[in-house]
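Each chain gets a letter, A, B and so on, in the order its sequence line appears, and its residues count up from 1.
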Amino acid sequence: MKKNRRTIQIIILLGVVLLGGYAIGNALFSSNDSLPQKGDTPPDFALLGLDGKTHRLADYKGKALIINFWGTFCPGCVYETPDLQRQYAKHKDKPFEIVGINLGEDEFTVNNFVKQYDVSYTILFDNNRNVERKYGLRSYPTTFFVRPDGTIMDIFVGPMTEKDIDERVTELLQS
Amino acid sequence: MLSFQNTKCECGHQNPIGTVLCENCGKPLEEAEEAGKDTPLEMRYDGIARRSQKSNPGIIDRVWNFFSSVKIAVRLIVITLLAAIVGTIFTQENAFVSFDPSTYYEEKYGWIGKVYYELGLSNTYESWWFIGLLVMIGTSLVICSLDRVLPLYRALSKQQVRKHGEFLSRQKTVYTADIKGDEAAWIGGLAEQLKRKRYRVKTDGTALLAEKNRFSRWGPYINHIGLIIFLLAVLLRSIPGWSMDNYISVPEGEVVQIPDTSYYLKNEKFTVDYYTDEELPEGLKGTARAKLYETKAVLYECTANCDDPSVQPELEEVKRHNIIVNDPLSYKGLKAYQFGFDDTPRLKAVNPVLIDKESGKTYGPFELDMRNPKLIYTLGDYTLELRQKYMDFTLDSSGNPTTKSREPNAPAFIFLLKGADLPAEGVPYMYFPKQNDKERFSQDTINGETGKRFEIKVPSMEGVAFTGAITSLNVRTDYAMPYIWVGAGIFMFGVLIGTYWQHRRIWLRIDEGRLLLGAHTNKNNYGMRADVASALRGIGIDIEPKSLDNGGNKS
């Protein structure tokens with residue numbers, strides 16, 4: 001009887017620790033609506049590219065990756081595009097990719113822009129802006145630097161100078 | 001309390017530590033606080049010891065005892081209530097679809113908003129400490145109940161009929177008298193009366209115990225079980241896939257995927273109706289009061305090609321519903337509620353003509369779609385090649401044309417006009433479909449000489465198409481809801497049986513012709529006394545219910 005009671009006490013307290021720990025841990029670690037943070041794996045996407053093919057995040061596994069959200073309506077995005085293109089050309093022979101996710105504009109506009117700025121990295125359309133929401137964008141441009149192991153090294157909000165990009169790409173390629 | 005205590009009653013029963021009233025005969029134990037007075041007894045939990053009370057507690061016992069204390073439970077509840085109140089001061093973050101909390105609170109409420117945000121109070125109900133408080137309350141619920149219900153159950157299921165004299169004389173309802181005649185017959189007569197009042201009667205020689213509605217004692221424990229189920233169900237919602245709370249905007253006529261599901265929703269028509277002035281009371285006339293928001297919605301389930309944007313997904317209609325406020329579309333636990341709308345007219349397409357002002361000839365019309373325009377338009381002798389377009393035309397800081405947003409607020413198109421009588425490389429022509437933009441950005445000046453000869457314009461309003469209103473829907477799934485209802489139902493059931501019935505007990509003993517009667521109830525002592533008086537009246541003892549009052553009554 002006495003022993004039984006102790007066992008029940010321990011079982012209940014263990015249950016409390018497990019369930020309570022799960023609940024509190026959840027509240028502690030999944031803050032900010034589970035938006036991607038440094039060190040997280042970025043949310044998956046499957047988007048139509050300018051080339052008419054479907055591109056998925058998984059396609060870039062093992063490569064250093066820049067995910068850049070942009071639009072022609074956003075001056076900061078336009079400003080950093082030539083620098084991104086230069087970085088892309090510079091590291092062409094390395095396992096390094098840039099993906100420019102357009103923020104819901106039409107094909108004609110995007111095409112014109114790509115031609116005008118000679119962009120040769122991958123451009124994707126986020127037509128109903130689901131991916132934008134998944135990535136928790138609050139302002140444009142926003143750029144995610146993803147390590148070859150698939151974790152986010154840095155998130156840059158706002159227009160980047162070439163130096164900003166260069167430093168991060170160097171770090172990415174070293175990891 | 002934890003000092004040495006002689007827990008052996010004079011009736012010979014060995015009581016556990018912490019016992020207030022002897023488990024057997026009900027005599028107040030000498031060292032307990034209750035002993036030696038003549039005020040009504042503390043009858044809580046029938047004076048039994050809590051299950052976990054011990055003389056030398058270890059760590060587990062200490063933790064256990066902490067949660068076992070009702071005093072602690074009450075404090076936890078009060079703290080949680082205060083925290084919940086604080087959380088209602090400013091709008092919580094989860095009430096917004098998209099905004100930046102780090103600046104919002106300061107901008108809207110000033111420094112106090114900043115402090116509020118920095119303390120994490122803008123997310124009170126999801127914060128770890130608030131969840132922690134709930135977990136502690138849950139623990140306390142389980143442990144408090146368990147520690148009390150088991151001993152109480154045992155005490156109530158093996159009650160002694162003959163109780164100690166002091167136990168009887170210190171109840172709140174007491175009656176004493178001298179009995180003449182046969183004691184057993186007297187008791188039998190009273191037992192008959194009590195049975196008619198639906199008491200269950202047990203006798204033991206010249207002692208009697210009558211009892212009714214014992215089940216109401218389990219009410220609080222049943223409602224605690226309900227609360228625990230409720231809390232566990234709330235916890236379930238945090239497991240991925242158990243609950244979803246999303247917002248989607250669907251323009252009229254379009255189909256939009258509900259994020260993270262295989263469902264697509266079409267807005268066939270959105271209607272917003274306003275009350276006419278005749279329908280409105282005096283003070284509200286002239287204001288826009290909505291009468292109806294309605295989205296004619298169709299829900300589709302994707303059956304193939306769901307995750308590949310390069311091919312059209314195959315959709316199968318599964319549900320059709322006209323969503324109005326408080327009447328969501330509901331399908332297999334997924335609910336789409338009317339949340340908002342945007343009926344600002346947006347240009348969808350125009351059907352302009354090309355006019356040669358010199359010859360007076362008109363070419364066209366041709367359809368110019370704002371979002372996905374064709375690139376080449378052949379109009380009789382002339383062709384228009386689309387070169388550039390801006391959805392929301394403006395000039396940037398260095399004077400170059402650019403677009404301010406992706407919405408067609410101020411659309412502008414640059415065409416290359418070609419024709420036999422024009423230079424082979426063509427002449428540029430800039431076209432603003434909206435009349436006010438045309439003037440604002442002086443289309444005619446930009447087009448110069450070309451503008452003097454040619455004009456692209458929409459001949460009538462019929463040539464203008466607007467996109468329909470955009471409806472915003474709140475899409476939710478909550479698979480934990482049935483468990484929450486079950487928990488809430490059990491809780492209400494427990495409250496009901498604990499509140500509307502009272503456990504009433506009457507003890508009596510006759511010692512050498514002297515009757516001693518005591519009665520106890522957990523609430524409504526007035527009813528208890530009325531029961532006793534009415535039973536006594538049935539055997540010929542006329543007595544005012546009030547005179548049975550032994551003091552100490554609050555009810």
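Considering OG1 of B:Thr394 and CZ of A:Phe73, their distance stands at 14.5 Å, rounded to 0.5 Å. Atom CZ of B:Arg371 sits about 6.0 Å away from atom CG of A:Asn127, to the nearest 0.5 Å. Residue B:Asp260 holds its CG atom at 8.0 Å from CG of A:Asn130, rounded to the nearest 0.5 Å. The CD1 atom of A:Ile10 sits 4.0 Å away from the CD1 atom of B:Ile60 when rounded to the nearest 0.5 Å.
For the residue pair B:Leu235 and A:Ala23, the shortest heavy atom distance occurs at CD1-CB, 3.0 Å.
If you measure heavy-atom distances from A:Tyr22 to chain B, the contacts under 4.5 Å come from the side chain alone. Residue contact with chain B, scored on non-hydrogen atoms closer than 4.5 Å, involves the side chain of A:Tyr140 exclusively. For chain A, the nearby parts of B:Leu386 are the backbone and the side chain; heavy atoms of each come within less than 4.5 Å. In this structure, the portion of B:Ser127 lying under 4.5 Å from any heavy atom of chain A is its backbone and not its side chain. For B:Leu146, the part lying near chain A is the side chain, with the backbone staying farther off; criterion is any non-hydrogen pair under 4.5 Å. Contacts of A:Ile24 with chain B are made by both backbone and side-chain atoms, with heavy-atom separations under 4.5 Å. Looking at B:Lys389, both its backbone and its side chain come within 4.5 Å of chain A, counting heavy atoms on both sides. Neither the backbone nor the side chain of A:Asn111 comes within contact range of chain B, judged by heavy atoms closer than 4.5 Å. Using a 4.5 Å cut-off between heavy atoms, B:Val234 does not touch chain A at all. Looking at A:Leu103, the atoms closer than 4.5 Å to chain B (heavy atoms on both sides) sit in the backbone and in the side chain alike.
Atom NZ of A:Lys61 is surrounded by 12 or fewer heavy atoms from other residues, nucleotides or ligands within 6.0 Å. By the 6.0 Å contact criterion, CH2 on B:Trp242 is enclosed, its count of non-hydrogen atoms from other residues, nucleotides or ligands being greater than 12. Within a 6.0 Å radius of CG in B:Leu395, more than 12 heavy atoms belonging to other residues, nucleotides or ligands are found. The 12-atom threshold is exceeded at CZ of A:Arg147, counting heavy atoms of other residues, nucleotides or ligands nearer than 6.0 Å.
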>> Evaluate B:Thr139 against A:Ile12 for side chain to side chain contact (heavy atoms under 4.5 Å, CB included), listing each step before the verdict.
In response: CA-CA 9 Å; B:Thr139 313; A:Ile12 287 178; 5.8 Å; no

> Going through the distances and angles, do A:Gln116 and B:Gln388 end up as a side chain to side chain contact (heavy atoms under 4.5 Å, CB included)?
Replying inline: CA-CA 11 Å; A:Gln116 187 187 340; B:Gln388 187 61 273; 4.3 Å; yes

> Hey, mind stepping through A:Leu13 and B:Ile143 against side chain to side chain contact (heavy atoms under 4.5 Å, CB included) and telling me if it holds?
Replying inline: CA-CA 9 Å; A:Leu13 288 177; B:Ile143 293 179; 4.0 Å; yes

>> Pair B:Asn372, A:Phe108 - check side chain to side chain contact (heavy atoms under 4.5 Å, CB included), show working.
In response: CA-CA 7 Å; B:Asn372 286 304; A:Phe108 178 73; over 6 Å; no

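Ranked by heavy-atom pairs under 4.5 Å with chain B, the list A:Lys53, A:Arg56, A:Glu105 is led by A:Arg56. Contacts with chain B were tallied for A:Gly49, A:Cys74, A:Ala46; A:Ala46 has the most, counting heavy-atom pairs under 4.5 Å.
B:Asp396 contributes no side-chain N or O that, together with a main-chain N or O of A:Pro75, makes up a donor-acceptor pair within less than 3.5 Å.
A salt bridge is defined here as a Lys NZ or Arg NE, NH1 or NH2 lying under 4.0 Å from an Asp or Glu carboxylate O, and B:Asp61 with A:Arg6 meets this definition. The pair A:Glu132-B:Arg406 meets the salt-bridge criterion, since a charged nitrogen lies less than 4.0 angstrom from a carboxylate oxygen.
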